[in-house]
Asks: 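Quick one: this structure, given as structure tokens, is what I'll be asking you about.
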2 protein chains.
Amino acid sequence: MDIEARTAVLSRSPFFRELDPDLVALSAREAQERKLAKQESLFQQGDDATHHYVVAWGRLRLDQATPDGKNIVLRFMGPGDLVGSVAVFRGMPYPATPVAVEETSVLSWSAVRMMALMQENPPLAMRAMGMMGGRIEELQARLQEIATQQVERRIAATILRLAGQSGRRTAEGVEIPFALSRQDLAEMTGTTLHTVSRTLSAWIEEGLLEGRRSSHLVILRPHRLVEIAEQA
Amino acid sequence: MDIEARTAVLSRSPFFRELDPDLVALSAREAQERKLAKQESLFQQGDDATHHYVVAWGRLRLDQATPDGKNIVLRFMGPGDLVGSVAVFRGMPYPATPVAVEETSVLSWSAVRMMALMQENPPLAMRAMGMMGGRIEELQARLQEIATQQVERRIAATILRLAGQSGRRTAEGVEIPFALSRQDLAEMTGTTLHTVSRTLSAWIEEGLLEGRRSSHLVILRPHRLVEIAEQA
DNA sequence: CCGTGAATTTGATCCCGCGCAAATCCGGAA
DNA sequence: TTCCGGATTTGCGCGGGATCAAATTCACGG
């Protein structure tokens with residue numbers, strides 16, 4: 001990817017968007033690019049946090065392994081999303097593993113270099129805080145869901161959240177544009193793939209969704225899904 | 001509270017600790033103090049986020065109301081903790097309500113003033129990011145617990161987390177130095193007060209804990225509690 | 001010191017969703 | 001085209017915790 005392409009990617013990312021063009025250009029020039037094959041990890045949970053990354057294109061799934069061998073999906077990340085920064089700012093090892101769910105390209109900067117960029121460009125630091133704040137609010141919302149709502153509502157809310165973050169409007173409805181397994185949804189909602197499968201089957205039956213087997217999910221009746229997510 | 005007392009409070013807070021003394025003194029001088037009676041709220045969920053706060057003394061419980069009238073406890077905050085900043089950085093309304101569980105004093109700064117302080121003092125901005133990162137990791141850990149572990153383990157983990165954040169070593173064990181109801185624990189762990197009550201009763205019976213009724217909880221055998229939290 | 005009410009404890013029952021098992025269905029490799 | 005393996009679907013029975021109920025027990029105001 002040449003510098004222009006990188007600059008274009010960065011200026012579209014929520015992190016650099018509308019910041020000083022010189023800063024964006026400089027950052028694009030200094031970034032290292034890395035490509036990941038499907039299934040490949042950007043780094044491993046527990047590794048020292050040495051770099052900040054921004055997804056250029058593709059899709060990552062952020063997995064957290066539990067001490068007892070289970071796994072939960074913290075989130076999916078696409079173009080423009082910031083990866084690894086939380087750990088770098090804390091000076092702690094990465095708390096999760098980002099895995100490419102399709103071929104993916106990321107740009108990276110070393111911790112020290114990004115620190116310097118932020119110190120020289122306070123607006124960049126403000127952006128980083130805004131993004132971390134967004135992550136906190138998302139996590140709080142999910143915690144609230146899982147703590148108070150039944151499985152069906154959580155699955156609906158999770159699908160809607162994914163649609164809001166990455167959904168693409170198509171002729172039939174809103175498509176979630178990447179492979180999302182029943183297992184993934186189970187690990188995002190704190191349930192089992194069995195329950196997710198049963199729930200989605202019912203919804204597909206009902207004409208609410210489309211996406212049997214491994215095709216991408218398409219929400220045919222978003223409003224109805226919102227009703228399920230909010231049902232009193 | 002006079003300037004010296006404020007300065008002392010701030011220099012002990014994780015937010016200002018070991019930063020430039022002039023900055024700490026300036027911040028202390030500019031802060032507004034506000035006292036809250038027991039049960040009083042600092043602000044309401046949904047209010048515009050206009051100020052950053054640091055707890056000087058006392059204790060706040062951060063509550064999040066769900067759309068369907070339930071409530072969850074996001075965390076407890078004590079001296080040195082930062083309140084409200086997440087929302088201010090996002091430019092969104094406060095997502096939760098901090099309620100004083102005992103008489104409490106907070107220091108505050110307007111959003112613009114704090115922004116200026118951070119832009120002039122990058123290390124302060126870095127601190128803020130570190131603290132937000134800590135919040136993110138805590139939320140991720142809780143999400144993992146609630147998504148994968150049984151209630152008993154979650155309650156144990158929650159008590160241990162509170163002990164780690166605010167616990168005081170006493171002759172008998174580790175005390176959680178504020179009123180923490182069964183209901184509070186239930187709203188932190190995603191269960192009901194009934195289940196919490198049963199679980200704690202068993203632990204008290206077993207000599208693991210102390211704190212029937214509304215006295216403060218004391219962990220008599222922390223190691224045993226860790227075992228429960230980590231039981232395979 | 002007593003009465004009142006909220007917090008806690010405890011009991012009994014029910015049911016959502018998990019665990020286990022098995023069948024089925026594709027996607028892709030050869 | 002066929003075969004293989006992982007993903008998905010579906011059935012069934014049990015159990016952890018929720019729900020519904022009620023009894024206790026303190027803290028506290030008067």
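Here is how names work: the chains are called A, B, and so on, in the same order as the sequence lines, proteins then strands, and each is numbered from 1. Note that this is a predicted model, so its numbers are computed, not measured.
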Asks: Given dT10(D), is OP1 or OP2 found less than 4.0 Å from the side-chain N or O atoms of S201(A)?
Replies: yes
Asks: In whole Å, what is the span from the NE2 atom of H194(B) to the C1' atom of dA21(D)?
Replies: 10 Å
Asks: Please report, to 0.1 Å, the donor-acceptor pairs under 3.5 Å made by any side chain of residues 154-164 of chain B, with sequence neighbours excluded.
Replies:
unit_1  : atom_1 : unit_2  : atom_2 : d
R154(B) : NE     : T189(B) : O      : 2.9
R154(B) : NH1    : Q149(B) : O      : 3.0
R154(B) : NH2    : T189(B) : O      : 3.0
R154(B) : NH2    : G190(B) : O      : 3.2
T158(B) : OG1    : R154(B) : O      : 2.8
R161(B) : NH2    : E145(B) : OE1    : 3.4
R161(B) : NH2    : E145(B) : OE2    : 2.5

Asks: Under 3.5 Å, side-chain donor or acceptor atoms of residues 47-60 of chain A against the rest of the protein: list the pairs with distances, not counting sequence neighbours.
Replies:
unit_1 : atom_1 : unit_2  : atom_2 : d
D47(A) : OD2    : Q44(A)  : N      : 3.0
H52(A) : ND1    : S85(A)  : OG     : 2.8
R59(A) : NH1    : S166(A) : OG     : 3.1

Asks: Are any non-hydrogen side-chain atoms of R212(A) and S201(A) less than 4.5 angstrom apart?
Replies: yes
Asks: Can you tell me how far C1' of dT9(C) sits from CD of E205(B), to the nearest Å?
Replies: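 It works out to 12 Å between those atoms.
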Asks: Between the axis at one end of the helix from dC1(C)-dG30(D) to dA30(C)-dT1(D) and the axis at the other (five pairs apiece), what's the angle to 10 degrees?
Replies: 50°
Asks: So, using salt bridge (charged side-chain N to carboxylate O under 4.0 Å, His left out) as the criterion, who are the partners of D81(B) when residues are at least two apart?
Replies: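 Testing D81(B) for salt bridge (charged side-chain N to carboxylate O under 4.0 Å, His left out), a comparison that skips the adjacent residues, returns none.
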Asks: Whole angstroms only, please: what is the CD1-C1' distance between I146(A) and dC16(C)?
Replies: 15 Å
Asks: Are the side chain of S197(B) and the backbone N or O of H194(B) linked by a donor-acceptor pair below 3.5 Å?
Replies: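 No, because the side chain of S197(B) does not come within donor-acceptor range (under 3.5 Å) of the backbone of H194(B).
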Asks: Using whole Å, what does the distance between atom P of nucleotide dC18(C) and atom NZ of K70(A) come to?
Replies: 11 Å
Asks: Take the protein atom CG of D184(A) and the nucleotide atom C1' of dA7(D), then report the distance between them rounded to whole Å.
Replies: 11 Å
Asks: For residues P98(A) and V83(A), report the shortest heavy-atom separation together with the two atoms involved.
Replies: CG-CG1, 3.9 Å
Asks: Nucleotide by nucleotide, 5' to 3', does protein get under 4.0 Å of the base (B), only the sugar-phosphate (S), or neither (-) in nucleotides 13-18 of chain D, counting heavy atoms?
Replies: ----SS
Asks: Return the set of residues passing side chain to side chain donor-acceptor pair (under 3.5 Å) with S105(A) (not counting sequence neighbours), or none when no residue passes.
Replies: E33(A)
Asks: Between atom CZ in R182(B) and atom P in dA7(C), what is the gap in whole Å?
Replies: 13 Å
Asks: Can any side-chain N or O of Q64(B) pair as donor or acceptor with the backbone N or O of P95(B) at less than 3.5 Å?
Replies: yes
Asks: Please state how far atom CZ in R153(A) lies from atom P in dC16(C), giving the value in whole angstrom units.
Replies: 15 Å
Asks: Quick one: is dA7(C) close enough that its OP1 or OP2 comes under 4.0 Å of any side-chain N or O from R212(B)?
Replies: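 It does not, given that no N or O in the side chain of R212(B) lies less than 4.0 Å from OP1 or OP2 of dA7(C).
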Asks: How many Å lie between CG on L193(B) and C1' on dA22(D), as a whole number?
Replies: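 After rounding, the reported distance stands at 14 Å.
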Asks: Indicate yes or no for a side-chain donor-acceptor contact from R182(A) to the backbone of V196(A) under 3.5 Å, with no hydrogens or angles considered.
Replies: no
